[in-house]
Structure formats: structure tokens, C-alpha cells
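Both backbone and side-chain heavy atoms feed into the values below; hydrogens, waters and symmetry mates do not. Throughout, protein chains are lettered first and strands after them, A, B, ... in sequence-line order, and every chain is numbered starting at 1. All figures in this text were calculated on a predicted structure; none of them were measured in a lab.
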Amino acid sequence: MHIPDGFLDSQTAVTAAALAVTGLGVALRRARLHLPPRRVPLLGLAAAFVFAAQMINFPVAGGTSGHLIGAVLAAVLLGPSAAVIVISAVLIVQCLMFADGGISALGANIFNMGVIGGVGGWAVYHVVSRLVKGLFGCVVAAGFAAWCSTVMASVACAGELASSHTVRWSVALPAMAGAHMLIGIGEGLITVLVLVAIARTRPELLQPEAAPEPRRSYGAIVAYGGLIALGLALFVSPLASRWPDGLDRTAELLGFKEKAVAPMVPAPMPDYEVPGFHWTTLGTSLAGAVGTIVVFALAWLLARALVPKGAAGPRGVP
Amino acid sequence: MTAAVEVRDLHFRYGDGTHALRGVGFSVAEGESVGLIGPNGAGKSTLLLHLNGLLPEAWRGEGSVRVGGVQVGPDTLHEVRRKVGLLFQDPNDQLFCPTVFEDVAFGPQQLGLPEAAVRERVARALAEAGTPGFEARAPHHLSVGEKRRVCLAGVLACDPSILVLDEPSSSLDPRGRRELKELLRQIAITKLIATHDLELVVELCSRVIVLDEGAVVAQGPTVEVLADEDLMLRHNLERPHILRHLHPH
Amino acid sequence: MRHDFLDRYSRLDSPIHRASAAVKLVVALALVVAVVLLPASRPMFLVAVAVVLVAVAVLSRVPWRFLVVRVLLLEPFVLGVAMLALFQSGGWRMFLFLVGKCTVCLMVMVLLSNTTPFSDLLRVLKRWRMPALLVTTLSLMYRYVFVLVDEAQRMGRARTSRTFTPRRSRAWRTIATVVSQLFIRSSERAERIYAAMCARGWR
Ligand SMILES: Nc1ncnc2c1ncn2[C@@H]1O[C@H](COP(=O)(O)OP(=O)(O)OP(=O)(O)O)[C@@H](O)[C@H]1O
Ligand SMILES: [Mg+2]
């Protein structure tokens, strides 16, 4: 899901970069305030860990393979803000050292995988692990959240590609979301297996002090929630609804349409309103809804199989 | 005169319950070179970490560690760490910066030295440690022996008054070992060296402390302790060859 | 050194390697932006940039085969997404243009990363006021990526040497074991690094 250079137009790239910088800024600020000094090196090591883990491929249907993103894994182990920093560091190194993921798309990648994948995934984890108790609940929540985070990030990615007029939304959404509904299963499976293995050998690593965030912080919720909502509003909802183009529309609304750099690649189609468009969106959403239920059930079964009855959950991890 | 290092009845348990130190006590005089030997898992590395106040759980526990008359504790950490230069057992843990220069410069920079002085110290320390001109190299491109020398340079660059070394000679080639001994001989400050390299102990240390299962089981002049075959065998050690002809049995 | 495919040529000696990292970063960024903004009606600009890049590659003395392989390795995702562009009118032109643009950008970034050590780029970013915590994280990450990749490979090898009947369901377990061990080891190493940083007067 690392978007290379050349797929995003300037508006989308700049908007996504602004969102990413804000998100990363919030995360860094929160870490500076709440991260104890002895855990500072852990951020760097966790980033190296996620990088190394991403190099391990797993098989997906049809002879293709996917790899871990690790955003939810990092968020569960270290807390959401640390996860944003860790994933951003991974993406920066991949971009500057391996040309994996474009430098002009770095903002979009950080926003998709770090902010949406990490914080959005963590939010899902947080809610579900509140509802289902114990290590069992933690495992169900992590597996489910990992899948959701992968799919959410891929939808954002599709939205960015479509907003850039690179690929039509009616193609981008089913292709990206569909592929990642499959890859997400691998992500969820590995996240679950890894958490269970850690809970078995070093349970104290799942303890609350591993997640430096204080329990409740409305500021962070508002900041992260606002960012994600804004991103979805800009990149996704205009396409999914009848509006012509999210960014154009926002630019119009904000009155800087003239100043904004127009997309240099002329839109191959004047509009997204092509026949069948609503059907693909609707179909993908339906598939997504069914997938969500199926995956939740799978996560439940997997946790049943892996977690001994009554195993104590990581105490206090919200 | 206060001892350079004084440890009294030191106990330590790791988080997982491993009882690593069980009442260790010894002292090292100013300017002395002391060897610390003992089998794997005896607690040598754990003990050395205490000399730098690196196991915060320990301050609440039993026993005391004094460095140059200063009790190691939360309020004296800065002072203690300035005095004691610690070489870690695993060079990968100690070399944490992306280039050799930055790594060796880390200590002097933390001391607040000006840029030029830092450069000067780095160059000097690297030369002393036998890796001159390595400034621009990346730690992950170094051989294990080179890493160890650069680590040593990082310690020397801090200008410590007590040198605490954890297995300084492991993974050095014979020439590297010789150079290390030569270098350590020249540095005329207090030294405490944990090692399995008994020849190094014989050549450098006037006194040894034998540690096993978290307690001091023997200490005394090097030649006497190392020549005690029973003692050595009891603690999974052996008499170094160079002592064979000194004390023929 | 087993992991050196990660960072093999960035420390050669050539005019390109000797150029300042800041300049290279700015030029690369400018080139990428120019290519990204390029209208579809001007494909010749791409060719011109590509020619310049080839010249730079020759000057840099990085083996051309290595560069080509790196670009090709990164191409699949580009092709995958570009293929989606075929599903629209004028799709072919769009497809070729996208692939061309992306490939040129890839060449720029591959050249940048293989002629400039990441530690130099990091120093530039630090000078450009990147937040200290992020700089620390990045430099520790860069330092230990090699150690961890090595560790992961060693663990993998140790496992395969003792795996006598490979099975698919085991494969997932194996991945999970390696990944969880990797995390446990890195968090323990983080503790030791913290100790090493303290020992030399951090904070
Ligand atoms: N981080 C840790 N957590 C738990 N136990 C530990 C830890 N580090 C060391 N130990 C245990 O403490 C004991 C002493 O270990 P230590 O590393 O001090 O031994 P050592 O004398 O340095 O051995 P070696 O010669 O192999 O380096 C050992 O039993 C070891 O297993
Ligand atoms: Mg040891």
C-alpha cells in the first residue's frame, strides 16, 4: 500500500501531507509529554522491529503475497501515539533508504498507514477490548482491529488515488479494498499469533506501562478523530456520494480554487458519474460489511482456539 | 584514602525472579587493576551495571555501592557516570548511533564540550583504541572486533577516572588482544575488568575477585588465586597456561 | 555481511557521493515534484530527465545492474495501480504515462538512496529542524534495522535447519514466533541501549 511518486496530484499530496504532519505533530507532542525517558529508545527499536517484520511475506490467495503493516500491533504494544511515530519512522526510512513509497506521497502514506491504520485501528481495538474482557477480548479485538485498520487504510488510499484522477473511484475502491480485505486477514492472523506468543512468554510486555498514554485524554481524541474525519471527508466521502470531487469541492467552498494548482493530468473522464458507479461503491460497501462480520467471527474463533479459558488480560490496558 | 570502588553486601534480583547477586562485597583501591572472573551466569555483568547505577530497581534494595566515596543513588547518577566509564559486553548495545563519529562523540557532547574539543577527543580516542580514521564508518559495517574497539573509544572519550570493562578482549584477534593489553597498561587509572581471558588478567591485574552464583567466592593476589587448581575447577574455571611454569605442581 | 543488500553502495567514493547530502535531497525532491506536476502532453520531459539520471548513475559508479534490479523490484505495485488506470477511456496513454512518471521518480529516489548514506540525510533533516524525538527514533531505527534483520534471518535459518516436514499451517506459526521473538528481543535491547545511553551521560 506504499503509494509511489507520480500517482498523486499536487492537491492531494499536499493535503495529505498537511494531515500527516499534523497527526505526527500531535503524536510527538503526546510522546514528549507522557513517554518516560527509559522508553525513548524503544520507539527506535520498535520501528526497526516493524521494518524487519514487514520484510516477512505471507501468502495471500492466488499466488500473491502480502506483508504486515504492523500499525495495530505497534498500537497495542506501545499505544496509539507511539504507533504513529513508529510507523512514520518506518515509512520515512523506507522512502529515503529504499525508494519504497514515494517522497511526494510520503504524507499520504503516513496518513493512511500511521494515522488511519494506527490510531483508527487502535480505536477499534479499544472499543472491542472494552466490550469483551480478558486476554480473550484483547486477542479478538486486536485481530479484528488489524483487519479493519488495513481495510480503512486501503480505502483512504483508493480515495487519494481517485481524488488525484489517477484511477477512477469505481475501479480503485473495489480493487484496493477488495485486495486488502484479503491481505487484512493475514495481518489480523499474524497480529493475533504474535500477541498470543508475547502474552505466553513475556506477559509483562503487554502491561499498562507499555502503553504510555494516560487513560483518558479528550484533547488527543478530538485531535486524532478530527484528522481522520477530515481525511475521510476530503478523500473518500465526496467520491462515495454524488459530489464531483472532494478536493475541488472543498477548494471551492474555501474559496481558494483559483490559487490551487490544478491537476496537471487532465481528468480522463469529465466526471465520476459513470453508469454502474453507485453499484460498485454499494457492492464494495456491502462486501465490507459482510467481511467485517465474518472477520469478527473468525477473530472470535481464533481467540477461542488460542487463548486458554479465563486467561487474565493485560491488566489495565484500556 | 577512600577506595575507588566499594561494594557492600549487594543483593539483586531481576524482574523475572532470577537472583543474580547474593551479597557481593569487595573494594578496589585507587589506581589498582582488578580482574573479575567467574563462570557464565555468575553475575559479573550484573555487578558491573550496578557500578553505573543502571539498574534503578537496585537503589531500593539491600547493600550499597560507592564510587570514589560517593554512594550510587538517584541523586548522584550524573557524578557517578562521569567518573565510571563502562564498556558493555555486547558492542551492539553500546554503539547506538548511525555513524562512528556520532557514537564516540555522544559522551563528550553530553558533557557539554564545544564542537572543536569534541572533534579533538573523538580523534584521540579512536586513535588510542586502534581504529584511527573510522569517524565516517557505519557501525553496522564494522567487524565485531572493530565494534569493540570503537566502543572502547566511546568510553575513553568520556575521560573516566575509573574504567569498568565487561569482556574487553572477547572476539579480538591475537594482535588486537595484544594491542588492547598494551593500551590498558598505558592508561594509568583504576580498572575493573570482567573477563574469561585469564591471560589478560595475569598480565594486567594485580588482584582478582572470583564470583560464582552471585557471591564472591575468593579474592586475592592474581597468581595465588589462579594457581589454586581446586578453587578454579570448583568454579568451572581453569588455571591459565602461563601460570603452569610459575607454579609447577 | 548478510544484510548489506540494504545499504551497500551508499558509501562509495564518486563525485555524486561526495556532493552534499542537502543538495542531493533538494535536487531529488525538485525533480520528483517536477515530474509529478508534468502534464500528460509533455512526455519528452520524462525522457530528458531519464537521460540525465542515467548519466548521474554512470558517474556514481554504483553498478548499473544493482540499480536496475532495485527499480524493477519496486515496479510491481506501480504496474498494479497503473493497470487500474486502463479501466477508463484513453487508458493506454494514461497507463504508459503513469508508468513512465513513476519509473523516473523511482530512479531519482533509488539513485539518491544509493549515493547518500541515511545518516547524512538524517543530519540534514536535523538541521532542517525535524523534532528531536523523531530524529532520535530514526537514527536508532537506522542503526538497529541491520541488527534486527540479521537476527530475523538467523532465527529463520535456525528454524529451517530443524524443520523436517514443512507444512503450511506451521508457516504461520513460524512467522508469528519469529515476529514475537523479534519484538521481545528488541524491547530487551531497548532497555540495554537505554543503559548504554545513560552510562555516557544522557540527560
Ligand atoms: N535481563 C535479565 N533478566 C533476567 N535475568 C537476567 C537478565 N540478565 C541476566 N540475567 C541472569 O542473571 C544471572 C547473571 O547474569 P550475568 O549476565 O550477570 O552473568 P555473567 O557473569 O556476566 O555471565 P557471562 O560470563 O556469560 O557474561 C544469570 O543467571 C542470567 O541468566
Ligand atoms: Mg556477562
Specify whether B:His140 and C:Tyr142 have parallel, tilted or perpendicular ring planes, treating 30° as the upper limit for parallel and 60° as the lower limit for perpendicular.
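Because their plane-to-plane angle is over 60°, the rings of B:His140 and C:Tyr142 count as perpendicular.
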Select all residues of residues 120-128 of chain C having any heavy atom within less than 4.5 Å of some heavy atom of chain B, and report them by number, or 'none'.
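Within residues 120-128 of chain C, the residues under 4.5 Å from chain B are C:Leu122, C:Arg123.
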Which of residues 73-83 of chain C have a heavy atom under 4.5 Å from any heavy atom of chain B?
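The stretch does not come within 4.5 Å of chain B.
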Between C:Ser139, C:Ala190, C:Ala199, which residue shows the highest count of heavy-atom pairs closer than 4.5 Å to chain B?
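Looking at each option in turn, the highest pair count goes to C:Ala199.
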For chain C, which residues of residues 92-99 of chain B have heavy atoms nearer than 4.5 angstrom
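Result: B:Asn92, B:Asp93, B:Gln94, B:Leu95, B:Phe96, B:Cys97, B:Pro98, B:Thr99.
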Using a heavy-atom cutoff of under 4.5 Å, enumerate the residues of residues 42-49 of chain B that contact chain C, numbered in order, or state 'none'.
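Result: none.
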Nearest 0.5 Å, what's the CD-CG distance between C:Glu191 and B:Leu55?
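If I round to the nearest 0.5 Å, the distance is 10.0 Å.
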Which heavy atom of B:Asp90 sits nearest to which heavy atom of C:Arg192, and what is that distance?
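Answer, listing the atom of B:Asp90 first, then C:Arg192: OD2-NH2, 4.4 Å.
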Where do B:Arg137 and C:Arg11 come nearest, in terms of heavy atoms and distance?
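Scanning both residues completely, I find the closest heavy atoms to be C-NH1, 4.4 Å.
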Sub-4.5 Å side-chain heavy-atom contact between C:Cys198 and B:Asn52
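No. Closest side-chain heavy atoms not under 4.5 Å.
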Does any heavy atom of chain C fall under 4.5 Å from the side chain of B:Ala136, the backbone, both, or neither of them?
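For B:Ala136, the backbone is the part near chain C, not the side chain.
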Is it the side chain or the backbone of B:Glu102 that comes within 4.5 Å of chain C heavy atoms, both, or neither?
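The side chain, not the backbone.
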Region of C:Tyr144 in contact with chain B, defined by heavy-atom distances below 4.5 Å
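Side chain only.
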Which bit of C:Met141 is near chain B, if near means a heavy-atom gap under 4.5 Å: side chain, backbone, both or neither?
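For C:Met141, there is no contact with chain B at all, as no heavy atom is under 4.5 Å.
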